[in-house]
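Okay, structure first, notes after.
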Protein chains: 2
Amino acid sequence: MQHQRPKIVDVARLAGVSTATVSRVLSNPDVVSAETRRSVEEAIRQTGYRLNHAARNLRHRRTGGVVALVPNLSNPFFSQILAGMAAVLAGAGYNLLIADTCAMGGETLLGYAEPSRADGLIVLDGTLPADGLKRRVPIVLACEWIPGIEAPRVKIDNRAAARVAVEHLIGLGHRRIGHVMGPPGNVLSEARLAGTEQALAAQGLPPPLVLPGDFSLDSGRLAGEAWLALPAEQRPTAVFLASDAMACGFIGEVQHCGLAVPRDVSVMGFDDIELVSHMTPALSTIRQPREAIGRRAAQCLLAMIGGEAPEGDIVLPTELVLRASTSPPVTTPAIKSREAGPARL
Amino acid sequence: MQHQRPKIVDVARLAGVSTATVSRVLSNPDVVSAETRRSVEEAIRQTGYRLNHAARNLRHRRTGGVVALVPNLSNPFFSQILAGMAAVLAGAGYNLLIADTCAMGGETLLGYAEPSRADGLIVLDGTLPADGLKRRVPIVLACEWIPGIEAPRVKIDNRAAARVAVEHLIGLGHRRIGHVMGPPGNVLSEARLAGTEQALAAQGLPPPLVLPGDFSLDSGRLAGEAWLALPAEQRPTAVFLASDAMACGFIGEVQHCGLAVPRDVSVMGFDDIELVSHMTPALSTIRQPREAIGRRAAQCLLAMIGGEAPEGDIVLPTELVLRASTSPPVTTPAIKSREAGPARL
DNA sequence: CACCCTCTTGCAATCGATTACAAGCCTCCG
DNA sequence: CGGAGGCTTGTAATCGATTGCAAGAGGGTG
């Protein structure tokens, strides 16, 4: 009859105590006398007893888990954020459930925002329907956010970061600057575009040449094609792309066609994913503190689960990382001869 | 008094039926008469009732979740595997819980392998202790595996794949070939090294120059430094690295020092992560079917959870992807003159 | 010796949904 | 008209652990 998984009453019987005492040994050992405790522990060992979490969760009315909704698990940008979250949550005894929002419908997703499924929710996808997420479990929004929802946001100042990036390009002497956007409608895309425009306008420069994109490698490659297709004298001498992945695709395409970076075009990315510091040329970019974003989001959520009032928005600092993909524009021969011409005579 | 979360008895009261009927409407609607069903559904809508999963799980003795143990979430190699798993599992109504094994101790990890936590376990980390994982929930091992454990494995033929990679290099005319290994003790590292050695031995060539590594970008960079530090005439003319990430680091370091790939050294990677097709030069590599690995592992686990006998090992095909980072060795001047010398006179 | 206090332990209700079993109601047939 | 059989529904036990309440043991004090 011992072929079944042992339950708490089996332990109790063997130790000659009540189930209440066994339970106390498990979750509140101090109130049990040392002697009893030892014999219960011995009985646990002998029976090979393991706690049933479903039962405990039912009683405690909590799940011990936190769900993260990620737009695309395949995107390496998110994995480090998740790693940061996982570290903090594990330290507090919480599981991290990860759900890929592109792999499932909205109905399924809402199922995760329930107290009986998770004690909290971290949303990394700004494209979810706002209405379904209201009045459920504590929620924190990280990176992207959903305009309609009242919840703390852990983010960076995308607009300011974009401005810094473009100011750097302007400072190098670039005047014709291109911008490759993220997916249309995305809050990050809009903010980074706005920052780009602001930086240019502040210097009295014309607005950027804007190319469409969606953060993916391949959309960066397509942007590269579009750039190459321009007449040489119309090409921006510097391009700021809203993600590193796109910058990689862009550079790959440009190099593939025999042009060089930064000689023929300066390129600036966004994110500072690990790989781009090892490319040739190493990519100049804006560093997002990905682990820190994950950690802060998790801490913020834990605080809310613990009953504290939700914090306001948390804005983490970014950093301009200058590497080898940006340089002053090379003056074109035509201009050079015009400028240098008189002196040469 | 309605400030509490409504339970099934609240719905039952409102609809004027018993809790059993409400439960049946929820999980087995066909046995309930159409009229009753409609009134119960109306009551559910009015109360805003939501099912309590903890209670259902307790009763069903299942959790509806599957845990994946991943060695390092930050590694983009795993994210696509997870995406594949998540897609299959979501389709079958299971959650995917992801745990980063490097963020937690072994004790914590074993806690995931319990029937009350998860209905199954997919292990992607070969370095876990074998003993703790026995006799718990259904387990599938993917990519890496744990020698002591009896469980279906979803994998590729690492040795054969490495052989194919090295045969390609040999076929191009390379004779001095280097290999940068994965982490010591790892089953993948061993198999890929063995395949490399086999391919060389089969052609009567000397064993490879073996450099240490750990799959990470930075260890690839260090391998690049080590390669550069060799006297030019001892440097392998081709290097096969056990991961794409290392290949990126290696190429970055070599290019950084002014040498060119593949002119000065052919480089071959392993994995075919998305980024490497966009680098310059585009990386020749072995493609692992990552999504398929995740999908097959999930399917296999679902079958086991469903009570089917565990399948045998599943070996998925790899593919040699030839791009621009490999080419015939450039004959060195010394050799060239020796060979061409007589003819020249 | 009666009384109070502290420490340990057990009893039994509870968390919320599921389901085996039985009962009630119809209809149909011999 | 009695009974078999099909539907639908309700009753109550069950899943396994937790915990408020109270009782019993032991020690100290007036």
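- With a cutoff of under 4.0 Å to any heavy atom of chain A, the contacted region of DNA chain D is bounded 5' to 3' by D:dG16 to D:dG20.
- For the pair A:Arg290 and A:Phe78, the cation-pi criterion (under 6.0 Å, within 45° of the ring axis) is not fulfilled.
- Between A:Thr101 and A:Leu128, some side-chain heavy-atom pair lies under the 4.5 Å cut-off.
- Two residues are said to be in side-chain contact when any heavy atoms from C-beta on lie closer than 4.5 Å; B:Pro71 and B:Leu124 meet this criterion.
- Residues A:Pro289 and A:Ile156 are in side-chain contact: their nearest non-hydrogen atoms beyond the backbone lie under 4.5 Å apart.
- Looking at A:Glu291 and A:Met85, their side chains never come closer than 4.5 Å, going by heavy atoms from C-beta outward.
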- [ ] Could you run through nucleotides 4-11 of chain C and give me one letter per nucleotide, 5' to 3': B if any protein heavy atom sits under 4.0 Å from the base, S if only the sugar-phosphate is that close, - if neither?
- [x] ----SBBB

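- In this structure, B:Tyr94 and B:Thr63 have side chains that are not in contact, with every pair of non-hydrogen atoms separated by 4.5 Å or more.
- Counting heavy atoms from C-beta outward, B:Val66 and B:Leu97 have side chains that stay 4.5 Å or more apart.
- Between B:Leu121 and B:Val140 the shortest side-chain heavy-atom distance does not fall below 4.5 Å.
- Taking 4.0 angstrom as the limit, B:Arg56 places a side-chain polar atom (N or O) nearer than this to OP1 or OP2 of C:dT18.
- Inter-residue side-chain proximity for A:Val315 and A:Lys155 is flagged as met; some heavy-atom pair is nearer than 4.5 Å.
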Task: Evaluation steps, side chain to side chain donor-acceptor pair (under 3.5 Å), between A:Ser33 and A:Thr36 - done: CA-CA 5 Å; A:Ser33 77; A:Thr36 314; 2.7 Å; yes

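- The distance from atom CD of A:Glu114 to atom C1' of C:dA17 is 14 Å, rounded to the nearest whole Å.
- In the helix from C:dC1-D:dG30 to C:dG30-D:dC1, the terminal helix axes, each the rotation mapping four pairs' C1' atoms onto the next four within five end pairs, subtend 70°, rounded to 10°.
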